[in-house]
Amino acid sequence: MARPPSNVTQFERGRPNPDDVAQWLAAIVESSDDAIISKDLDGTILSWNTGAQRIFGYQADEAIGKPVTMLIPSDRLDEEPSILSRIRAGERIDHYETVRRHKDGTLLDISLTVSPVRNIQGEIVGASKIARNVTQRKKMEKHRELLMAELSHRVKNTLAIVLSIERLSFSKQQDTEASGVFRARIHSLAQAHGRLAEAQWTGVALERLVEDELAPYRQSETSNTRISGPPVILSAHCALNMVLAIHELATNAAKHGALSSPRGQVVVTWERKDDGVLLEWREQGGPAVSPPQRRGFGRLLLEQALHQELGSNVSMNFRPEGLICTILIPPQELEVRFD
Amino acid sequence: MHHPNPPAGIRGPFRLISPLASGSANGNPGDLAERAQEHADTRKRVLVVEDEFLLAAVLASDLQQAGYEALGPFVTLTEAMEAAGSESFDGAILDINLKGELVYPLADELTRQGIPFLFLSGYEARNIPESFRGHARLAKPADPAAILRAVRSMLRTAS
């Protein structure tokens with residue numbers, strides 16, 4: 001390898017001896033758990049460390065001088081020409097996840113980093129390949145995914161059973177309206193679980209939750225619902241609480257508020273603040289509103305549950321021209337995404 | 001709650017009349033049953049493969065009330081495969097996970113026989129093999145009306 005990095009040469013006090021440096025580098029390469037292989041621009045293996053021996057099963061003398069394609073499964077042989085052409089162009093290939101073959105034929109999940117190697121004149125003469133065996137990690141990931149699918153499947157199955165029990169417990173004459181309200185609540189909870197499962201329990205976009213809840217009432221001709229705000233991802237815990245709250249707001253609007261009249265409109269907006277995300281649910285153009293006499297499930301949820309579960313501050317203003325409800329979602333309930 | 005058969009005795013063809021379909025729990029006692037009887041010869045048969053007893057009971061009673069004959073419920077893959085080999089039916093509703101076994105061999109068999117089916121499952125698209133990912137599927141819990149709509153359209157495509 002030409003041009004040892006400068007921090008290595010500084011390790012030796014005084015003038016570095018090139019032989020010492022080479023030996024030092026060789027020792028580092030030898031002791032790595034990763035396979036570190038070098039090859040020329042034709043793909044012929046030039047060096048082979050102990051890590052490579054361990055991962056791929058070939059001894060150095062079985063590998064050096066052989067084409068690197070001996071490690072590549074036949075259905076991926078087209079990868080090598082494209083890797084080589086990128087190397088010739090001076091590109092580096094970083095953490096490319098692929099599959100390689102062990103001497104005994106076993107397929108391995110590999111994370112590959114390939115960098116061009118230059119000679120003293122700066123010309124690209126070959127490539128260094130660092131291969132990490134990620135088979136175990138992949139296996140764990142698959143296992144985790146399986147467990148999550150099972151969990152999600154179970155949650156939804158259980159909610160479906162709850163609905164069946166409800167169906168079988170009450171006859172059709174018994175309070176069908178209440179029964180419908182109950183079923184709709186369970187369905188919206190189930191839908192939120194579905195969204196969480198889709199996102200592998202990493203969180204749900206606030207916009208998606210609001211859209212799901214308003215979807216049954218949306219009329220494109222009258223644009224009776226408007227939703228806007230910056231991208232915000234809610235934690236799983238927050239999403240499951242918020243969806244119930246928004247469900248109550250939506251069903252209330254459909255029954256008594258803006259969505260009960262053809263000219264009414266629900267405008268849901270949110271913005272980022274220093275102390276979280278402030279969501280506003282604003283109804284307008286509907287029938288005249290007066291504060292409800294009864295504190296039902298919806299208000300219990302909005303005014304108490306959200307506060308206790310999320311630490312949210314919720315305010316409800318029953319203006320005559322329409323309800324305004326604001327919910328402050330604290331920062332700890334938001335998922336920060338870096339992608 | 002009263003069932004005419006103990007759970008263990010419920011095997012296809014479906015003979016269970018759930019509380020939903022029985023007169024006492026129904027708005028118009030006898031009405032649907034009579035109608036169902038009238039159309040006994042023309043009623044379409046729907047194979048029900050679902051391992052959760054309560055879900056299957058409600059599903060079957062919804063199907064019966066809508067004028068279909070519910071065949072099943074079959075709770076294991078083996079039972080369901082046997083039924084697919086010996087019974088005649090017009091369509092099928094398949095839960096995907098049957099006590100830990102996946103229903104896909106039956107789905108393949110139905111595809112081979114040209115019998116339409118739809119999945120009713122809590123699985124996400126990502127957990128379903130690619131060959132069936134685009135297939136008609138209702139997410140659990142599904143609205144009963146949505147199930148009946150899906151069944152209607154499934155049987156329409158068949159005829």
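Every heavy atom of this structure was used, including side-chain atoms; hydrogens, water molecules and symmetry mates were not. Below, read A as the first sequence line, B as the second, and so on, with proteins coming before strands; counting in each chain starts at 1.
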Do [X] and [Y] have side-chain heavy atoms sitting under 4.5 Å apart?
X: Gln191(A); Y: Pro141(B); value: no
X: Leu54(B); Y: Arg167(A); value: no
X: Leu55(B); Y: Asn157(A); value: yes

- Query: Is there any residue in residues 92-103 of chain B with a non-hydrogen atom under 4.5 Å from a non-hydrogen atom of chain A, and which ones are they?
  - Reply: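 Listed by number, the contacting residues are Asn97(B).
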
- Using non-hydrogen atoms and a limit below 4.5 Å, what part of residues 124-138 of chain B faces chain A?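 Against chain A, the residues of residues 124-138 of chain B that fall inside the cut-off (heavy atoms, under 4.5 Å) are Glu124(B), Arg126(B), Asn127(B).
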
- Task: Give, as side chain, backbone, both or neither, the part of Arg154(A) having an atom under 4.5 angstrom from any heavy atom of chain B.
- Result: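 Neither part, no heavy atoms under 4.5 Å.
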
- Determine whether more than 12 heavy atoms belonging to other residues, nucleotides or ligands lie under 6.0 Å from atom CD of Gln308(A).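 Counting neighbours around CD of Gln308(A), 12 or fewer heavy atoms of other residues, nucleotides or ligands fall under 6.0 Å, so no.
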
- Message: So for atom CZ, which belongs to Arg137(A), do other residues, nucleotides or ligands contribute more than 12 heavy atoms lying within a distance under 6.0 Å?
- Response: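 Check passes, neighbour count above 12.
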
- Query: Which distance, rounded to the nearest 0.5 Å, do you find between the CD of Glu50(B) and the OG of Ser164(A)?
  - Reply: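 The OG atom of Ser164(A) is 8.5 Å from CD of Glu50(B), to the nearest 0.5 Å.
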
- Message: Restricting to non-hydrogen atoms, name the atom on Glu52(B) and the atom on Ile161(A) that form the minimum distance, rounded to 0.1 Å.
- Response: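 Smallest interatomic distance, heavy atoms only, reads OE1-CD1, 3.3 Å.
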
